[in-house]
Amino acid sequence: MAYIDGFVIAVPTGNKQAFIQHAEQFDPLFMEYGALRCVECWGDDVPPGKQTDFKRAVQATDEEEVVFSWIEWPDKATRDAAMEKMMKDERMDPQANPMPFDGKRMIYGGFKPVVSFGSDGGTPAGA
């Protein structure tokens with residue numbers, strides 16, 4: 001069953017192109033290590049909430065936009081093996097390839113799909 005890594009980050013609006021270039025450099029590495037798909041989404045309609053919202057979750061300022069990203073893996077074992085390899089890959093060195101955003105405010109996690117409709121034929125996950 002597929003496994004999803006999800007990320008929410010605040011990126012300075014002026015760094016949009018740098019973020020895109022960063023993703024174009026690093027997303028192929030995820031694919032090289034077994035990811036099925038990488039999706040990077042620049043905030044377009046991210047409204048404020050009454051109690052919480054995406055912007056507050058990552059402490060985004062007025063000069064930043066929220067980015068929502070995910071990586072789809074064939075399964076958790078592939079993801080775990082890939083992450084172990086990537087942490088040793090010199091191309092991932094943040095000193096040589098710094099992120100165009102504050103990684104300390106990134107929220108992320110791994111997720112097991114429980115319902116999935118769409119390109120897989122529209123059947124619920126686990127059915």
Side-chain angles (χ1 to χ4, degrees):
M1 172 163 303
Y3 194 78
I4 307 296
D5 278 324
F7 309 87
V8 180
I9 56 178
V11 178
T13 306
N15 284 1
K16 182 177 182 180
Q17 191 56 42
F19 172 80
I20 291 169
Q21 290 170 332
H22 188 265
E24 288 172 341
Q25 178 181 1
F26 287 99
D27 285 358
L29 294 179
F30 291 108
M31 302 297 289
E32 179 182 323
Y33 284 115
L36 300 174
R37 182 166 74 143
C38 297
V39 179
E40 309 286 352
C41 304
W42 191 263
D44 178 60
D45 183 13
V46 185
K50 291 186 179 184
Q51 292 186 3
T52 190
D53 56 48
F54 279 107
K55 290 183 180 190
R56 280 187 268 188
V58 292
Q59 300 173 349
T61 68
D62 290 341
E63 293 79 35
E64 294 175 317
E65 189 53 69
V66 173
V67 171
F68 176 59
S69 305
W70 71 91
I71 302 169
E72 181 178 352
W73 301 96
D75 51 52
K76 188 173 192 266
T78 301
R79 180 270 211 157
D80 290 348
M83 289 301 169
E84 185 175 327
K85 292 174 188 173
M86 289 182 74
M87 293 303 118
K88 298 174 185 173
D89 191 318
E90 62 186 34
R91 296 173 290 181
M92 294 294 294
D93 180 4
Q95 298 300 322
N97 297 302
M99 298 180 287
F101 55 88
D102 180 1
K104 294 178 194 145
R105 291 186 286 141
M106 173 173 50
I107 58 174
Y108 60 92
F111 300 86
K112 295 178 184 179
V114 293
V115 176
S116 177
F117 287 90
S119 63
D120 66 349
T123 56

Discussion item. Between Val46 and Asp53, is the side-chain contact (heavy atoms from CB on, under 4.5 Å) condition met? List the steps.
Written reply: CA-CA 8 Å; Val46 185; Asp53 56 48; over 6 Å; no

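Atom CG of Leu36 and atom CG of Asp75 lie 8.5 Å apart (nearest 0.5 Å). Note that the NZ atom of Lys112 and the CE atom of Met1 stand 9.5 Å from one another [nearest 0.5 Å]. Once rounded to the nearest 0.5 Å, the distance linking CE of Met83 with OH of Tyr33 reads 11.5 Å. A distance of 8.5 Å separates CD of Glu40 from CZ of Phe7, quoted to the nearest 0.5 Å.
By the neighbour-count criterion of 12 heavy atoms within 6.0 Å, atom CD of Glu90 is sparsely surrounded, having that number or fewer from other residues, nucleotides or ligands.
Using cut-offs of 30° and 60° on the angle between ring planes, the pair Phe54 and Phe68 is tilted.
Judged purely by atom type and a 3.5 angstrom limit, Arg79 has no side-chain atom pairing as donor or acceptor with the backbone of Ile71. No donor-acceptor distance shorter than 3.5 angstrom exists from the side chain of Arg37 to the backbone of Glu72, with no hydrogens or angles considered.
In terms of heavy atoms, Arg105 sits closest to Gln59 at NH1-O, 2.7 Å. The shortest heavy-atom contact between Cys41 and Trp70 is SG-CZ3, 3.7 Å. Counting all heavy atoms, side chain and backbone alike, Cys38 lies closest to Met31 at SG-SD, 4.0 Å. Closest of all the heavy-atom pairs between Ala60 and Val66 is CB-CG2, 4.3 Å. Looking at every heavy atom in both residues, Glu64 comes nearest to Ala10 through OE1-CB, 3.7 Å. Closest approach of Pro12 and Phe101 over heavy atoms only: CD-CA, 4.3 Å.
Phe19 is not connected to Val39 by any chain of hydrophobic side-chain contacts under 4.5 Å among Ile, Leu, Val, Met, Phe, Trp and Tyr, and they are in different clusters. The hydrophobic clustering, which links ILVMFWY residues whose side-chain heavy atoms are closer than 4.5 Å, places Val115 and Phe111 apart. Tyr108 and Trp42 fall within the same hydrophobic cluster, where Ile, Leu, Val, Met, Phe, Trp and Tyr residues are linked whenever their side-chain heavy atoms come under 4.5 Å apart, directly or through other members.
Contact of the Val67 side chain with the Ile9 side chain is registered, since non-hydrogen atoms from C-beta on lie closer than 4.5 Å.
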